[in-house]
Every structure is written in C-alpha cells, then in structure tokens.
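Remarks on the structure that follows.
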Amino acid sequence: MTKTLGLIGTGMIGGTLARLAVAAGLNVVLSNSRGPETLADLVTELGGQARAATPAAAAEAGDLVVATVPLHAYEQLPAAALAGKIVIDTMNYYPERDGRIAELDSDELTSSALVQRHLAGSRLVKAFNNIDFHRLSTSARPAGAADRSALPIAGDDPAAKAEVIALLDALGYDAVDTGSLADSWRVEPGTPVYVQPYFPGQTPEGVGQDEAFRWFFETPGVPVPAAQVKELIDSAVRGVAGGKLLPGA
Ligand SMILES: NC(=O)c1ccc[n+]([C@@H]2O[C@H](COP(=O)([O-])OP(=O)(O)OC[C@H]3O[C@@H](n4cnc5c(N)ncnc54)[C@H](OP(=O)(O)O)[C@@H]3O)[C@@H](O)[C@H]2O)c1
C-alpha cells in the first residue's frame with residue numbers, strides 16, 4: 001500500500017494529486033524545476049503530511065512516484081533515482097508546447113513508451129492523463145458511490161498496475177485497464193476517452209477570459225463509469241499523434 005507519494009512536477013495535475021493524496025491520508029513529497037522553496041505555500045496548505053524536495057529526493061522518498069511535467073522535459077526525469085520504482089506517467093504530447101517528436105509523429109512509439117525508454121529501470125504506468133485537473137479534483141468520489149468515475153490505466157507490469165489501481169481507488173476513482181504501454185495510444189489526446197466525456201461542452205463563444213475561467217471552474221464534471229470508459233477505449237481509432245492546445249490554454 002502506498003504511504004508516500006512522490007511528485008515530480010507540482011503544477012495543475014501534480015498539485016491536484018497532492019491534495020487528493022493528503023485527503024486520502026498519504027504523505028506527499030513535492031518537487032518542481034525551480035526548487036523546494038517555491039513550493040512553500042502549497043506545503044503550508046497541505047500541512048504535516050507534505051514536504052518539498054528536489055525531483056531526485058522526491059523520487060527516492062516515494063513508494064510510488066508521479067511524473068507530471070510537460071512532455072518536453074521527460075529526459076530530465078531523474079532515471080537513476082527512479083530505478084526500481086513504479087512511476088505514474090500523466091504526460092501528454094502537445095507539439096505546440098513540446099516540439100515535434102519524430103517517434104511519436106510516426107506512431108512508432110506511444111508517449112508513455114517513450115518515457116519508459118528513458119526510465120528503463122522503472123515500471124511505468126500511464127494514468128491521470130485523460131481528465132482535466134479541475135474535474136480530477138471535483139469528480140473524485142469514495143468507493144461505491146453511484147456517481148464515481150473510472151479512469152484508464154496502461155502499463156507493461158501487472159503488479160505495478162495493481163498498485164496504481166489501488167492508488168486510484170484511494171484517491172476516488174475506479175480504473176479500467178487499457179493494456180500495455182504500446183496500447184496506450186487509445187487514451188492519448190484526441191481519442192474518445194480524452195477529457196471530453198468527463199467535461200462535456202465548449203467554452204461559451206464571445207466571452208472574455210474572466211468569464212471563460214469562471215465557466216471552466218464552475219462547470220461540474222460528468223460521471224463516467226467503468227463500462228463507458230471501456231466502450232470509449234475500445235472505439236478509439238489511431239490517428240495523428242498529439243493534441244492541439246485550446247485557445248488561451
Ligand atoms: N492540466 C491538465 O488538466 C492536464 C490533464 C491531464 C494531463 N496533463 C499532462 O500532465 C503533465 C503536467 O501537466 P500540468 O498541467 O500539471 O503542467 P503544469 O501546470 O505546467 O506543471 C508542470 C510542473 O512540472 C514542473 N517541471 C517542469 N519541468 C521540470 C523538470 N525538468 N523537473 C522537475 N519538474 C519540472 C513545473 O515546475 P516549475 O513550475 O518549477 O517549472 C511544474 O511544477 C503534462 O504533460 C500535461 O500534458 C495535464
């Protein structure tokens with residue numbers, strides 16, 4: 001059972017996972033690129049279960065470690081410190097942000113297979129990549145709740161996947177096994193299970209940024225149960241890799 005969650009990246013997704021983990025009784029060790037002192041406010045907010053460290057120290061401290069940085073930084077993930085660890089990969093490929101990555105554009109590799117290649121000594125599991133950070137927070141529910149959602153996971157190591165499924169359960173989600181890292185294109189940007197089912201609708205047209213932010217934060221998520229997640233995954237058709245950033249994102 002995971003007692004300490006290490007986080008490499010403490011932005012929108014990392015910060016949300018840290019809050020969910022602390023609420024579930026876990027300890028968290030946060031890290032980012034700018035140094036532990038820049039995470040002081042969040043550590044204070046989270047209280048005694050949280051501390052901040054360097055990425056390598058967060059990796060070493062975690063029973064399970066989340067890698068949640070922009071994909072362009074994947075080669076900076078501390079492979080030596082992550083060796084032997086289960087690593088959760090939340091990352092998505094957005095060429096406008098990450099630059100073009102030939103092996104992804106050619107569909108030779110999924111983005112998670114690329115990250116696994118860098119973290120050759122780790123057991124990688126893709127999870128939390130297909131829901132926006134705000135719905136990730138607001139749609140979490142206790143086990144058995146009628147309106148609990150499921151999230152897909154993918155990985156090559158069954159025991160690592162079982163640990164990640166247990167973590168999802170503790171944080172408020174059921175899990176649907178998508179298969180291997182090679183299969184994980186089925187949950188990448190642009191696929192049917194990506195973001196939209198959990199947060200349907202579109203930014204109202206012609207509104208300013210404040211109004212668009214309000215809409216984003218005030219629109220409730222929609223529960224997506226496991227059977228629906230499975231249908232969406234099964235209906236995926238492989239297309240061009242990489243997502244398109246929404247205006248203003
Ligand atoms: N936002 C979403 O709703 C969402 C949903 C699903 C998946 N994702 C994916 O999850 C990943 C993280 O997304 P995000 O939205 O949370 O990003 P974000 O808000 O931009 O946060 C990125 C975090 O990564 C840290 N970071 C960047 N380079 C680093 C490095 N070399 N070493 C250590 N930490 C580093 C940043 O630290 P500094 O601030 O100190 O640079 C920051 O804490 C992305 O791949 C994204 O595509 C995002």
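Residues take their numbers from the sequence shown, with the count starting at 1. Just the heavy atoms: all of them, side chains too, but no hydrogens, waters or symmetry mates, feed the values below.
- Every residue two or more places apart in sequence or in another chain that forms a side-chain contact (heavy atoms from CB on, under 4.5 Å) with Glu45 is listed here: Arg19, Leu42.
- Counting non-hydrogen atoms of neighbouring residues, nucleotides and ligands closer than 6.0 angstrom, the CD atom of Gln202 reaches no more than 12 such neighbours.
- The CG atom of Asn130 lies 13.5 Å from the CZ atom of Arg135; values are rounded to the nearest 0.5 Å.
- Hydrophobic cluster of Tyr74: the remaining members, joined at side-chain heavy-atom separations below 4.5 Å, are Ile8, Val65, Val69, Leu71, Leu77, Leu82, Val87, Met91, Tyr93, Ile101, Leu104, Leu109, Leu114, Val115, Leu119, Leu124, Leu181, listed by chain and number.
- Here the side chains of Leu136 and Tyr173 are in contact, with some heavy-atom distance below 4.5 Å.
- In this view, Ala226 and Ala150, Val176 satisfy the side-chain contact (heavy atoms from CB on, under 4.5 Å) rule, not counting sequence neighbours.
- With sequence neighbours excluded, the residues forming a side-chain contact (heavy atoms from CB on, under 4.5 Å) with Ala58 are Val29, Ser31, listed by chain and number.
- In this structure, Lys244 and Glu96 have side chains that are in contact, with non-hydrogen atoms separated by less than 4.5 Å.
- For the pair Ala140 and Leu20, the tightest heavy-atom approach, listed with the atom from each and the gap, is CB-CD2, 3.9 Å.
- The shortest side-chain heavy-atom distance between Leu151 and Phe128 falls under the 4.5 Å cut-off.
- Among all heavy-atom pairs drawn from Ile131 and Ile13, the shortest one is O-CD1, 4.0 Å.
- Checked for salt-bridge contact, Arg117 and Glu103 meet the test: a charged N lies under 4.0 Å from a carboxylate O.
- Relative ring orientation between Phe216 and His134 is described as tilted, the plane-to-plane angle lying within the 30° to 60° band.
- Put simply, the residue from Val187, Leu232, Val229 that forms a side-chain contact (heavy atoms from CB on, under 4.5 Å) with Pro192 is Leu232.
- Contact of the Ser149 side chain with the Arg141 side chain is not registered, since no non-hydrogen atoms from C-beta on lie closer than 4.5 Å.
- The local environment of CZ in Arg51 is sparse, with at most 12 non-hydrogen atoms from other residues, nucleotides or ligands closer than 6.0 Å.
- Here the closest non-hydrogen pair linking Asn92 and Arg97 is O-NH2, 2.7 Å.
- Side chain to side chain, Asn129 and Tyr194 fail the donor-acceptor criterion of an N or O pair below 3.5 Å.
- Between Arg186 and Asp183 no salt bridge is recorded (no basic side-chain N to carboxylate O distance below 4.0 Å).
- Taking 4.0 Å as the cut-off between side-chain N and carboxylate O, Asp169 and Arg148 count as a salt-bridged pair.
- A side chain to side chain donor-acceptor pair (under 3.5 Å) check over residues 227-236, counting only residues at least two apart or in different chains, returns the pairs Lys230-Asp234.
- Side chains of Leu46 and Leu30 form a contact here, defined as non-hydrogen atoms less than 4.5 Å apart.
- Here the side chains of Leu167 and Ile88 are in contact, with some heavy-atom distance below 4.5 Å.
- Once rounded to the nearest 0.5 Å, the distance linking OG1 of Thr4 with CD of Gln49 reads 10.0 Å.
- Linking Ile, Leu, Val, Met, Phe, Trp and Tyr whenever their side-chain heavy atoms come within less than 4.5 Å puts Phe133 and Leu17 in one cluster.
- Contact of the Leu64 side chain with the Glu163 side chain is registered, since non-hydrogen atoms from C-beta on lie closer than 4.5 Å.
- Phe199 and Val207 fall into different hydrophobic clusters, defined by Ile, Leu, Val, Met, Phe, Trp and Tyr side-chain heavy atoms under 4.5 Å apart, directly or through other members.
- Using a 4.5 Å heavy-atom threshold, the side chains of Pro55 and Gln76 count as separate.
- Among residues two or more places apart in sequence or in another chain, the side-chain contact (heavy atoms from CB on, under 4.5 Å) test is passed with Ala102 by none.
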